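Working notes for the structure below.
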Amino acid sequence: KEFLTIIKKEANPTDYKRYLKQLIYKKITSDDKLAVFEVSNRYLASWIKSKYKPLIQHCFEIYDGTKPDIEIKLAGEKKSKKEIISEKAKKEETESTILNPSYTFDSFVVGSSNQMAYNASVAVSEKPGILYNPLFIYGGTGLGKTHLLQSIGNDAIEKGKTVIYVTIEQFMNDFTFSIKNKNMEHFRSKYRKCDVLLIDDIQFLSGKEQTQEEFFHTFNELHNAKKQIVMTSDRLPSQIAGLVDRLKSRFEWGLTADIQIPGLETKIAIIEKKSELNGIHLSREIVNYIATNLDNSIREIEGVLIKLNASASLLNQEINLELAQNLLKEQIKEKKENIKLPDIISLVANELNIKPSDIKSKKRTATVANARRIVIYLARELTHNSMPDIAKFLGMKDHSSISKNIQKTNELMETDENFKLIIQNLKNKIIH
Ligand code: ADP
Ligand code: MG
């Protein structure tokens, strides 16, 4: 109880009221290294962990000077199979609609990079099922797709609509679980009787035939009943490999809206908004520094703000430019040290649907050459390897072709939006 009082003081009030209050403190190990909490469902557990772990640790510090690692687990008790199934079904229902209360239209900064997706989302939440159905939002990682999707959800819930928000992976798990337990009726009535269905990261439907089949029926049923469907993806429907054509075409029935990498001004506005929301004070100089030096994802920018705030409070000093510079330098260095050439190869090969060994081979087909070029570019951007190192690794005799490849990639990125998006996506996937 005492502990919750401290958290309450420090956390966002809505988060506290809806979620953090549910934390049950179990124990701390005798060496003070690990503190264990329980909550009633695993999404809540991982959400609290990802968002509030540093704060909870900080609370321990305030409370008794320890700084244990934090574990938040599912309240576990032995129950009969039947009980487990019925509880799971019930839980899935609430879990799937757990929305992050801070993802709202108000907290979303609009700029030219996301204007269209934002407008479409607002329109859809004002007139669900009528204007754009489905709405398909696509763009690189960490650029605000989930934020917009959940804003639609939060808005619709306020208007009294039944909303289901799930990642396609949750949908799939739910589906397989229902088949296994012969509980399809429950599954169908749940997904086919909502007003607004929000599906996140639909690209992972790729290759999952049975789930595609089921989703096809869910889609049709909802669409016929004029219920709103909104999906997000890191790529266009036409570029999702292993997606059946009838779904591809349905995904394009309504509106597809993209989110691009934000320009400098939008980044600045986002940093200002985020620091204001988190009670962090940053000078104009620092805001500019962060905005110009981080270009990948807003998620990354947010992470830096949190770290910056934490280190300033640990060092008991104001946030100044030097602190920001050191932090970013550390972060960039650390990242580069962690990224290895084979990882880049396997990710690129996987994303472009070729064999990793092809990239190191002498093959010169267009697909392989393109993949190799991307690998070279990413290796240069994201690791400390020199051009000769990279050439050697890829079994290329001449390292002058490395710089030619990089030049070509830069040209392509300037002229081909789609290519740029692919590169950006890969980059984010490697970094995170
Ligand atoms: P995605 O789903 O595209 O990978 P998220 O929606 O999870 O990205 O966004 C990552 C983080 O960046 C979130 O915390 C989100 O609030 C924030 N964010 C992204 N775009 C914006 C924006 N335009 N305004 C405010 N916050 C944003
Ligand atoms: Mg997302």
Side-chain angles (χ1 to χ4, degrees), residues 12 14-15 43 46-55 96 98-122 125 135-155 165-171 198-205 230-236 240 256-278 280 282 287 290-291 294-309 421-422 424-432:
N12 163 326
T14 326
D15 284 3
Y43 294 109
S46 70
W47 182 81
I48 293 181
K49 217 154 136 186
S50 70
K51 188 149 185 229
Y52 276 105
K53 192 169 149 182
L55 178 64
S96 51
I98 282 205
L99 295 169
N100 184 336
S102 59
Y103 287 170
T104 59
F105 290 129
D106 276 346
S107 64
F108 192 82
V109 175
V110 187
S112 55
S113 56
N114 55 33
Q115 179 92 54
M116 181 174 167
Y118 173 83
N119 288 350
S121 302
V122 172
S125 79
L135 171 62
F136 191 97
I137 301 172
Y138 72 100
T141 341
L143 295 183
K145 298 183 297 296
T146 300
H147 188 137
L148 271 185
L149 191 64
Q150 296 208 3
S151 303
I152 298 174
N154 276 319
D155 199 63
Y165 164 87
V166 280
T167 63
I168 195 66
E169 277 167 328
Q170 281 166 258
F171 179 87
L198 308 170
I199 305 261
D200 213 350
D201 289 322
I202 195 109
Q203 74 272 8
F204 293 121
L205 254 188
V230 188
M231 294 166 275
T232 72
S233 162
D234 68 353
R235 61 198 82 179
L236 276 166
I240 303 176
T256 51
D258 68 336
I259 302 190
Q260 306 243 344
I261 297 150
L264 188 62
E265 276 145 54
T266 311
K267 268 194 284 180
I268 289 176
I270 292 174
I271 295 171
E272 282 173 344
K273 181 107 190 180
K274 293 278 168 191
S275 35
E276 184 196 309
L277 286 173
N278 289 300
I280 303 172
L282 296 180
V287 173
I290 299 174
L294 289 178
D295 54 7
N296 288 321
S297 80
I298 298 170
R299 184 174 299 127
E300 190 180 8
I301 292 179
E302 234 177 351
V304 164
L305 291 182
I306 290 169
K307 272 198 198 153
L308 199 56
N309 195 36
L421 188 68
I422 292 175
Q424 205 64 44
N425 249 328
L426 285 164
K427 214 163 150 183
N428 283 338
K429 281 194 178 140
I430 293 169
I431 291 173
H432 297 294

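Each ligand, and each atom within it, is numbered from 1 in the order the structure gives. Basis for what follows: all heavy atoms, side chains included, without hydrogens, waters or symmetry-related copies. What you are looking at is a predicted structure, and each value in this text was computed from that prediction instead of being measured.
Residue Gly140 has at least one heavy-atom neighbour below 4.0 Å for each of these atoms of ligand 1: 3 (O). Residue Gly144 has at least one heavy-atom neighbour below 4.0 Å for each of these atoms of ligand 1: 1 (P), 3 (O), 5 (P), 6 (O), 8 (O), 9 (O), 19 (C), 20 (N). With ligand atoms numbered from 1 in the order given, ligand 1 contributes 1 (P), 2 (O), 6 (O), 7 (O) to contacts under 4.0 Å with heavy atoms of Thr146. Less than 4.0 angstrom separates some heavy atom of Ser107 from each of these atoms of ligand 1: 24 (N), 25 (C). Close approach to Thr141 involves these atoms of ligand 1, each under 4.0 Å from a residue heavy atom: 4 (O).
With respect to Tyr165, the side-chain contact (heavy atoms from CB on, under 4.5 Å) criterion is satisfied by exactly one of Thr146, Ile98, Ile199: Thr146.
Ranking the protein heavy atoms by distance from atom 24 (N) of ligand 1 puts Val109 N, 2.8 Å first. Of the protein's non-hydrogen atoms, the one nearest atom 21 (C) of ligand 1 is Phe108 CE1, 3.7 Å. Closest to atom 7 (O) of ligand 1 among all protein heavy atoms lies Arg299 NH2, 2.8 Å. Protein heavy atom in closest approach to atom 27 (C) of ligand 1: Ile298 CG2, 3.8 Å. The shortest contact between atom 6 (O) of ligand 1 and any protein heavy atom is with His147 N, 2.8 Å.
Considering backbone and side-chain atoms together, Gly142 places an N or O closer than 3.5 Å to an N or O of ligand 1. Taking any N or O of Leu143, backbone or side chain, at least one lies under 3.5 Å from an N or O belonging to ligand 1.
For Ser102 against Lys51, the heavy-atom pair with the smallest separation is OG-NZ, 3.7 Å. Across every non-hydrogen atom of Gln203 and Ser233, the tightest pair is OE1-CA, 3.2 Å. The minimum heavy-atom distance linking Ala117 with Ile137 is given by the pair CB-CG2, 4.2 Å.
Aromatic ring orientation, Phe108 versus Tyr118: parallel (interplanar angle below 30°, classes split at 30° and 60°).
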- Task: Any chance you could lay out the side-chain hydrogen bond (donor to acceptor under 3.5 Å, both in side chains) test for Thr104 and Asn154, step after step, and finish with the verdict?
- Result: CA-CA 7 Å; Thr104 59; Asn154 276 319; over 6 Å; no

- Message: I'd like to know whether Asn278 forms a side-chain contact (heavy atoms from CB on, under 4.5 Å) with Asn309, so could you lay out the CA-CA distance, the side-chain angles of the two residues, the decisive distance to 0.1 Å, and finally the verdict.
- Response: CA-CA 9 Å; Asn278 289 300; Asn309 195 36; 5.8 Å; no

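Side-chain N or O atoms of Asp155 include none that pairs as donor or acceptor with a backbone N or O of Phe105 at under 3.5 Å. Without hydrogens or angle criteria, Lys145 side chain to Gly139 main chain gives a donor-acceptor distance under 3.5 Å.
No more than 12 heavy atoms of other residues, nucleotides or ligands lie within 6.0 Å of NZ in Lys307, so this atom counts as exposed by the packing criterion. Annotation: Glu265, atom CD; neighbour count of heavy atoms from other residues, nucleotides and ligands within 6.0 Å does not exceed 12.
Protein N/O/S atoms closer than 2.8 Å to the Mg ion (ligand 2), listed by chain and residue number, are Thr146 OG1.
Rounded to the nearest 0.5 Å, atoms CD1 (Ile270) and OG (Ser275) are 11.5 Å apart.
The option with the heavy atom closest to atom 3 (O) of ligand 1, from among Gln150, Lys145, Glu300, is Lys145.
Of the heavy atoms in Ile270, only side-chain atoms (C-beta onward) come closer than 4.0 Å to ligand 1. Under 4.0 Å from ligand 1, the heavy atoms of Asn114 that appear belong solely to its side chain. Contacts between Ser102 and ligand 1 below 4.0 angstrom, taking non-hydrogen atoms only, are absent altogether.
For Gly111, the closest heavy-atom approach to ligand 1 does not fall below 4.0 Å. Look at Tyr103 and you'll find a heavy atom under 4.0 Å from some atom of ligand 1. Within the 4.0 Å heavy-atom cutoff, Lys274 counts among the residues contacting ligand 1. At a 4.0 Å cut-off, at least one heavy atom of Glu302 sits close enough to ligand 1 to count as contact.
Residues Gln115 and Ser112 bring no donor and acceptor atom of their side chains to less than 3.5 Å of each other.
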